[in-house]
Student: 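Next up is a structure, given as structure tokens.
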Amino acid sequence: MTAETSQTLDRGLRVLKLLADTDHGLTVTELSNKLGVNRTVVYRLLATLEQHALVRRDLGGRARVGLGVLRLGRQVHPLVREAALPALRALAEDIGATAHLTLVDGTEALAVAVVEPSWTDYHVAYRAGFRHPLDRGAAGRAILSARQSPLTEPGYTLTHGELEAGASGAAAPLLGVTGVEGSVGVVMLADSVPERVGPRVMDAAREVAEALR
């Protein structure tokens with residue numbers, strides 16, 4: 001801590017991070033031990049966060065992340081989209097296919113930014129807001145591959161016909177971006193993805209990740 005920072009705010013943010021990292025919530029005692037502060041301080045922090053709906057406590061007294069965090073999270077998508085657009089435009093123009101940034105939203109993959117190429121005679125119509133299961137389509141499968149290999153770069157994922165008949169996809173996960181789980185990819189009307197597309201998609205994913213750091 002420095003003279004310019006708030007110790008109370010720092011502790012409150014640490015509480016939110018600890019709760020976000022657990023599926024079953026934490027008790028006051030567990031939070032007290034993890035933060036290295038007494039239970040009275042934790043009670044005050046939780047009470048303040050509850051007033052803003054950022055934390056809720058169940059009947060057993062375990063604290064969990066509250067629904068207020070979702071309202072804050074919705075405002076993140078426009079910022080992420082804006083940061084990703086330059087890399088997506090370059091990818092779409094280079095490959096001649098629809099490029100997209102997809103983020104995890106619960107158990108689904110959600111397209112938050114889409115760029116279509118300007119020079120092709122035809123391309124796949126893919127819209128921001130499109131959702132699909134994480135285990136279908138290149139975008140979702142790329143995200144799952146990163147979950148399965150968190151310590152190594154998993155490369156790119158190719159699929160065909162999983163979301164739209166006759167369409168092929170290539171996607172690579174975003175890596176090294178705290179708090180953001182997603183992928184960058186392209187979708188095209190083709191029986192298979194050309195060899196150069198996979199590495200190009202990985203480059204675009206690195207560019208987007210760099211813009212988000």
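Atoms considered below: every heavy atom in the structure, side chains included; atoms not considered: hydrogens, waters and symmetry mates. Note that the coordinates shown come from a computational prediction; the quantities given were computed from them, not determined experimentally.
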Student: May I have all residue pairs that pass salt bridge (charged side-chain N to carboxylate O under 4.0 Å, His left out) and include part of residues 90-107, sequence neighbours excluded?
Tutor: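 Output for this query lists Asp94-Arg196, Asp94-Arg200, Asp105-Arg131.
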Student: Where do Ala111 and Tyr126 come nearest, in terms of heavy atoms and distance?
Tutor: CB-CE2, 3.9 Å
Student: Let me see the working for Thr22 and Glu30 under side-chain contact (heavy atoms from CB on, under 4.5 Å), right down to the final yes or no.
Tutor: CA-CA 12 Å; Thr22 179; Glu30 289 170 336; over 6 Å; no
Student: Which residue is it: Asn33, Leu31, Thr29? I am looking for the one with a side chain to side chain contact (heavy atoms under 4.5 Å, CB included) to Arg39.
Tutor: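 Of Asn33, Leu31, Thr29, side chain to side chain contact (heavy atoms under 4.5 Å, CB included) with Arg39 is met by Thr29 alone.
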Student: Give a yes or no on whether Leu134 and Leu103 share a hydrophobic cluster (residues Ile, Leu, Val, Met, Phe, Trp, Tyr; joining criterion: side-chain heavy atoms under 4.5 Å apart).
Tutor: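 As far as the 4.5 Å side-chain criterion goes, Leu103 and Leu134 are not connected within one cluster.
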Student: Any donor and acceptor pair, going by atom type alone, linking the side chain of Arg62 with main-chain N or O of His24 inside 3.5 Å?
Tutor: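 Indeed, once roles are kept as given, a pair shorter than 3.5 Å links the two residues.
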Student: Please step through side-chain contact (heavy atoms from CB on, under 4.5 Å) for the pair Glu162 and Arg141, ending with a clear verdict.
Tutor: CA-CA 11 Å; Glu162 292 195 359; Arg141 290 186 182 277; 3.0 Å; yes
Student: Who pairs with Leu189 by side chain to side chain contact (heavy atoms under 4.5 Å, CB included), at least two apart in sequence or on another chain?
Tutor: Tyr122, Val124, Ala167
Student: Indicate if Val69 and Val55 have the same hydrophobic cluster label, given that clusters are the connected sets of ILVMFWY residues with side-chain heavy-atom separations under 4.5 angstrom.
Tutor: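 Both belong to a single hydrophobic cluster.
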Student: Please name the residue in the list Arg57, Arg44, Arg56 that meets the salt bridge (Lys or Arg N to Asp or Glu O under 4.0 Å) test with Glu50.
Tutor: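 Answer after filtering Arg57, Arg44, Arg56: Arg57.
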Student: For residues Ala171 and Ser183, report the shortest heavy-atom separation together with the two atoms involved.
Tutor: CB-OG, 4.3 Å
Student: Return the CG to CG distance between Leu16 and Leu45, rounded to the nearest 0.5 Å.
Tutor: 9.5 Å
Student: One thing to verify: whether Arg136 and Glu108 come together as a salt bridge, which I'm taking to mean a side-chain N less than 4.0 angstrom from a carboxylate O.
Tutor: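 Looking at Arg136 together with Glu108, the answer is no, because their closest N to O distance does not fall below 4.0 Å.
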Student: Would you give the length of the straight line joining atom CG of Leu163 to atom OG of Ser168, rounded to the nearest 0.5 angstrom?
Tutor: 11.0 Å
Student: Is it the case that the side chain of Arg81 and the backbone of Val112 share a donor-acceptor pair, with hydrogens and angles ignored and the cut-off at 3.5 Å?
Tutor: yes
Student: So if you build clusters from Ile, Leu, Val, Met, Phe, Trp, Tyr with side-chain heavy-atom gaps below 4.5 Å, do Leu158 and Ile95 land together?
Tutor: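 Looking at the clustering, Ile95 is in the same group as Leu158.
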Student: Looking at Ala128 and Val114, what are the two nearest heavy atoms and their distance?
Tutor: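 Residues Ala128 and Val114, closest heavy atoms: N-CG2, 3.6 Å.
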Student: Taking all non-hydrogen atoms of both residues into account, name the closest pair between Pro117 and Ala92 and its distance.
Tutor: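 Residues Pro117 and Ala92, closest heavy atoms: CB-O, 3.5 Å.
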Student: Might you point out which heavy atoms bring Thr157 and Ser145 nearest each other, and give the distance in Å?
Tutor: OG1-OG, 4.2 Å
Student: What about Leu175 and Val180, same hydrophobic cluster or not, with Ile/Leu/Val/Met/Phe/Trp/Tyr joined at side-chain heavy-atom distances under 4.5 Å?
Tutor: no
Student: Looking at Gly185 and Val201, what are the two nearest heavy atoms and their distance?
Tutor: CA-CG1, 4.1 Å
Student: Under the side-chain contact (heavy atoms from CB on, under 4.5 Å) rule, what do Arg127 and Glu116 come out as? Steps first, then yes or no, please.
Tutor: CA-CA 10 Å; Arg127 296 289 180 262; Glu116 298 177 352; 2.6 Å; yes
Student: Got a second to check how far Leu91's CG is from Thr98's OG1, nearest 0.5 Å?
Tutor: 10.0 Å
Student: Following the transitive rule for hydrophobic clusters with a side-chain heavy-atom cut-off under 4.5 Å over Ile, Leu, Val, Met, Phe, Trp and Tyr, establish whether Tyr156 and Val187 coincide in one cluster.
Tutor: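 In one cluster: no.
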Student: Nearest 0.5 angstrom please: Leu35 CG to Arg11 CZ, how far?
Tutor: 8.0 Å
Student: Measure the CG-CG distance between Leu13 and Leu18 for me, rounded to the nearest 0.5 Å.
Tutor: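 Atom-to-atom, Leu13:CG and Leu18:CG are 11.0 Å apart.
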Student: Are any side-chain N or O atoms of Ser149 and backbone N or O atoms of Pro154, one a donor and one an acceptor, separated by less than 3.5 Å?
Tutor: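 Between the backbone of Pro154 and the side chain of Ser149 there is no qualifying donor-acceptor contact (under 3.5 Å).
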Student: Does a side-chain heavy-atom distance below 4.5 Å link Val197 with Met188?
Tutor: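 Val197 vs Met188: side chains touch.
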Student: Quick one: CD on Glu181 to CD1 on Ile143, what's the gap to the nearest 0.5 Å?
Tutor: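 Going from CD on Glu181 over to CD1 on Ile143, the span is 6.0 Å.
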Student: Counting only heavy atoms not in Asp191 (residues, nucleotides, ligands), do more than 12 fall under 6.0 Å from its CG?
Tutor: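 Counting other residues, nucleotides and ligands, CG of Asp191 stays at 12 neighbours or fewer.
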